[in-house]
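Have a look at the structure below before the remarks.
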Amino acid sequence: MIYKGNVQKLGDSVDTDGMIAGRYLSILNPAELAKHIFEETIPDFARRVKPGDMIVAGKNFGCGSGREQAPFGLKALGISCIVATSFSRTFYRMAIDLGLPMVVSPEVAAAASQGQNIEVDTETGEVKLDGKSYKAEPLPKFIQEIIDMGGITDWVKKEVAARAKAAA
Amino acid sequence: MGQTIAEKILERHLIDDAERVEPGRVVRAKVDFILFNDANGPVAFRHFANMGGTKVAVPDKVGLVCDHFAPAPSAAGAHMLRDMRSFARDKGIKHFFDVGKGGIEHTLIPEMGLIGPGDLVAGGDSHTGTAGAYNAFGTGMSWAGMAAIMMIDETWFRVPESMRFHLHGKKAPYVTGKDVILKCLQDLGVDGALYRSMEFGGPGIAEFNIDERMGICNMVVEAGGKTGIVEADEQTEAWAKATCKRPYTLTNADADAEYYSRHDYDLSKMVPMVAKPYSPDNVVPVSEIKPGVKLDQVYMGNCANGTISDLRQIASVLKGRKVSKWTRVMIVPATQKIYRQAMAEGLIDQFIEAGAAVSTPTCGACFGGHNGALDDGEVAFATINRNFKGRAGHAGAQVYLGNSYVAAASAIAGEIIDPAKL
């Protein structure tokens with residue numbers, strides 16, 4: 001799948017406490033959550049993000065607390081994909097399970113700057129920054145399958161239906 | 001070729017025995033226990049319903065613990081707790097622990113004997129790795145992924161590389177399990193163990209009781225670790241024999257197991273460590289903290305440091321002393337059982353006599369939710385596990401992390417000090 005947007009550039013080890021503060025974890029409404037993303041740590045972030053924008057970050061993106069409100073809130077804000085040097089493992093799995101693609105590329109992380117045009121092909125691993133081509137790791141097939149289904153929910157439904165059929 | 005503890009535990013939980021457990025491979029497995037709290041449970045329950053879930057595949061594998069918005073700080077928090085109760089009642093979840101009937105999940109679940117050596121445990125909370133103190137493979141997982149386990153009783157894991165931490169020597173006074181993990185964080189950084197299993201072994205392990213081992217494993221995730229596991233010894237076995245309600249398997253690595261890296265720590269050279277704001281890897285020995293870091297609050301407690309051992313350490317320092325006039329001090333026993341034990345030993349009375357607030361078990365202030373959150377510009381010392389900007393209240397607050405002795409000594413001094421200098 002190909003994603004297009006503009007770069008929202010962030011640094012290394014961006015943690016989830018900073019993305020969405022603990023006191024907001026009882027908010028389950030996506031639009032309401034989106035308002036509080038990076039509220040105190042990057043106060044203008046929620047305002048400057050346009051639907052389709054992609055975060056390009058350094059190493060260990062999403063470290064710290066495992067809270068689904070972080071990737072869920074970013075997705076609700078309009079973030080379409082995140083490219084980073086590396087990801088915290090719980091954040092990675094949470095985002096994938098919600099259908100938000102996570103792409104690993106130290107090369108893109110080093111080259112990207114705020115506001116650039118970015119195009120990501122999650123199948124081939126090709127990333128274009130203002131038209132110039134860079135390499136990223138293509139999504140593993142199993143992960144691509146989950147992303148294509150919009151997250152793990154439909155994947156589980158399919159699995160359950162297949163098992164019921166096999167049992168019948 | 002030999003195997004690490006993580007590899008052995010994963011292998012025993014494979015669905016297809018023909019799969020090879022090698023680092024980097026993705027394998028399908030059945031877990032022994034899945035753990036939800038009231039911050040992640042209600043979200044996972046929605047995923048479960050969206051997946052078409054009506055019946056939980058194996059209800060007795062599920063633990064539901066009310067500890068985050070407990071007791072409820074607001075109507076929204078009360079709603080999360082209500083979701084927990086409804087799910088427990090509707091789905092027939094036996095292991096449900098409400099306010100007043102349990103405590104903080106990572107201390108409570110082993111205390112109840114619901115997990116033990118050799119177990120594979122998945123939790124919605126990132127500190128599920130605390131189970132490694134009990135020689136189990138615990139790991140934080142996506143909440144939708146947890147809902148999927150309730151649907152189909154299986155999940156997938158990427159087999160982690162393992163790192164071996166060999167501990168030896170006799171620990172110095174005021175050194176606890178917290179210092180072992182803070183030292184690791186100083187050496188590794190917040191991504192130094194990314195996706196890996198941190199395995200702790202060697203003769204030095206005997207220096208730490210099972211409570212202090214929780215302090216070690218609790219923070220492996222702060223180095224990016226997928227899990228952290230302490231090898232099994234006599235203490236593990238004695239604990240398991242006395243506590244576990246399910247069969248268990250003491251699990252140790254083979255002598256020829258392959259590790260991503262090996263690390264050697266001489267406990268006799270270890271000193272109390274402190275993580276400065278704003279990262280748990282910003283670690284220095286307490287002696288290097290410059291005098292004059294005045295504290296607005298000292299918070300003692302969390303999912304691994306509200307144990308009876310921590311409370312005894314705190315009491316040994318506070319005994320006969322008063323906390324500083326301008327520092328508010330909070331002590332949070334991790335479970336109801338620990339609270340009672342502390343009362344029986346006279347510790348709670350000592351804490352109150354010293355001028356500390358003692359609270360019912362809760363994660364409240366640790367995640368900046370309630371019950372001791374910090375304001376802009378405030379400075380705190382806490383025995384919790386994270387100090388990122390915004391962790392414990394306002395993003396302008398600063399939190400220093402360390403062990404219970406340092407916290408108690410600092411509560412008396414009103415500033416960060418080495419307990420040896422009190």
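Chain A is the first sequence line, chain B the second, and so forth, proteins listed ahead of strands; every chain is numbered from 1.
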Using heavy atoms and a sub-4.5 Å threshold, report which of residues 114-136 of chain A line up against chain B, by residue number. none
For B:Lys389 and A:Asp15, run side chain to side chain contact (heavy atoms under 4.5 Å, CB included): C-alpha distance rounded to whole Å, both residues' side-chain angles, the deciding distance at 0.1 Å, then the answer. CA-CA 9 Å; B:Lys389 236 176 204 293; A:Asp15 69 273; 5.6 Å; no
Would B:Glu154 and A:Arg163 pass as an ion pair if we require N to O under 4.0 Å? yes
For B:His370, does its backbone N or O pair with a side-chain atom of A:Arg23 as donor and acceptor, under 3.5 Å? no
Pick whichever of B:Thr139, B:Thr128, B:Asp38 has the most heavy-atom pairs under 4.5 Å with chain A. B:Thr139
Segment of B:Asn50 engaging chain A (4.5 angstrom heavy-atom cut-off): both
What part of B:Tyr195 gets closer than 4.5 Å to chain A, counting heavy atoms only: side chain, backbone, both or neither? both
In terms of heavy-atom proximity below 4.5 Å to chain B, should A:Phe72 be classed as side chain, backbone, both, or neither? neither
Charged tip of A:Arg93 within 45° of B:Trp156 ring normal and under 6.0 Å: yes
Proximity breakdown for A:Tyr92 and chain B, heavy-atom pairs closer than 4.5 Å: side chain
If we only count heavy atoms from C-beta on, is the B:Asp191 to A:Cys63 side-chain gap below 4.5 Å? no
To the nearest 0.5 Å, what is the distance between OG (B:Ser142) and CD1 (A:Ile96)? 10.0 Å
Does A:Arg89 reach the main-chain N or O of B:Gly140 with its side chain, forming a donor-acceptor pair under 3.5 Å? yes
Highest number of heavy-atom pairs under 4.5 Å with chain B: which of A:Ser88, A:Ala95, A:Gly66, A:Ser65? A:Ser65
Using heavy-atom distances under 4.5 Å, tell me whether A:Leu98 contacts chain B through its side chain, its backbone, both, or neither. side chain
Check whether A:Glu68 gets within reach of chain B through its side chain, its backbone, both or neither, counting any heavy atom under 4.5 Å. both
Is it the side chain or the backbone of B:Arg46 that comes within 4.5 Å of chain A heavy atoms, both, or neither? side chain
Is there a side-chain contact between A:Thr153 and B:His47, using heavy atoms and a 4.5 Å cut-off? yes
Value rounded to 0.5 Å, distance of CG in A:Asp97 from CH2 in B:Trp143: 12.5 Å
Atom OH of A:Tyr3: over 12 foreign heavy atoms under 6.0 Å: yes
Heavy-atom cut-off 4.5 Å, strictly under: side chain, backbone, both or neither for B:Ile152 against chain A? both
Counting only non-hydrogen atoms closer than 4.5 Å, does A:Leu25 touch chain B with its backbone (N, CA, C, O), its side chain (CB onward), both, or neither? both
At a 4.5 Å cut-off on heavy atoms, which part of B:Met151 comes close to chain A: side chain, backbone, both, or neither? side chain
Contacting moiety of B:Arg386, where chain A heavy atoms sit under 4.5 Å: side chain
Do A:Asn60 side-chain atoms and B:Val190 backbone N/O form a donor-acceptor pair below 3.5 Å? yes
Spacing of CG belonging to A:Asp17 relative to CZ belonging to B:Phe367, to within rounding of 0.5 Å: 10.5 Å
With side chains defined as the heavy atoms from C-beta onward, is the minimum distance between A:Thr90 and B:Lys226 less than 4.5 Å? no
Part of B:Met141 within contact of chain A (heavy atom distance under 4.5 Å): both
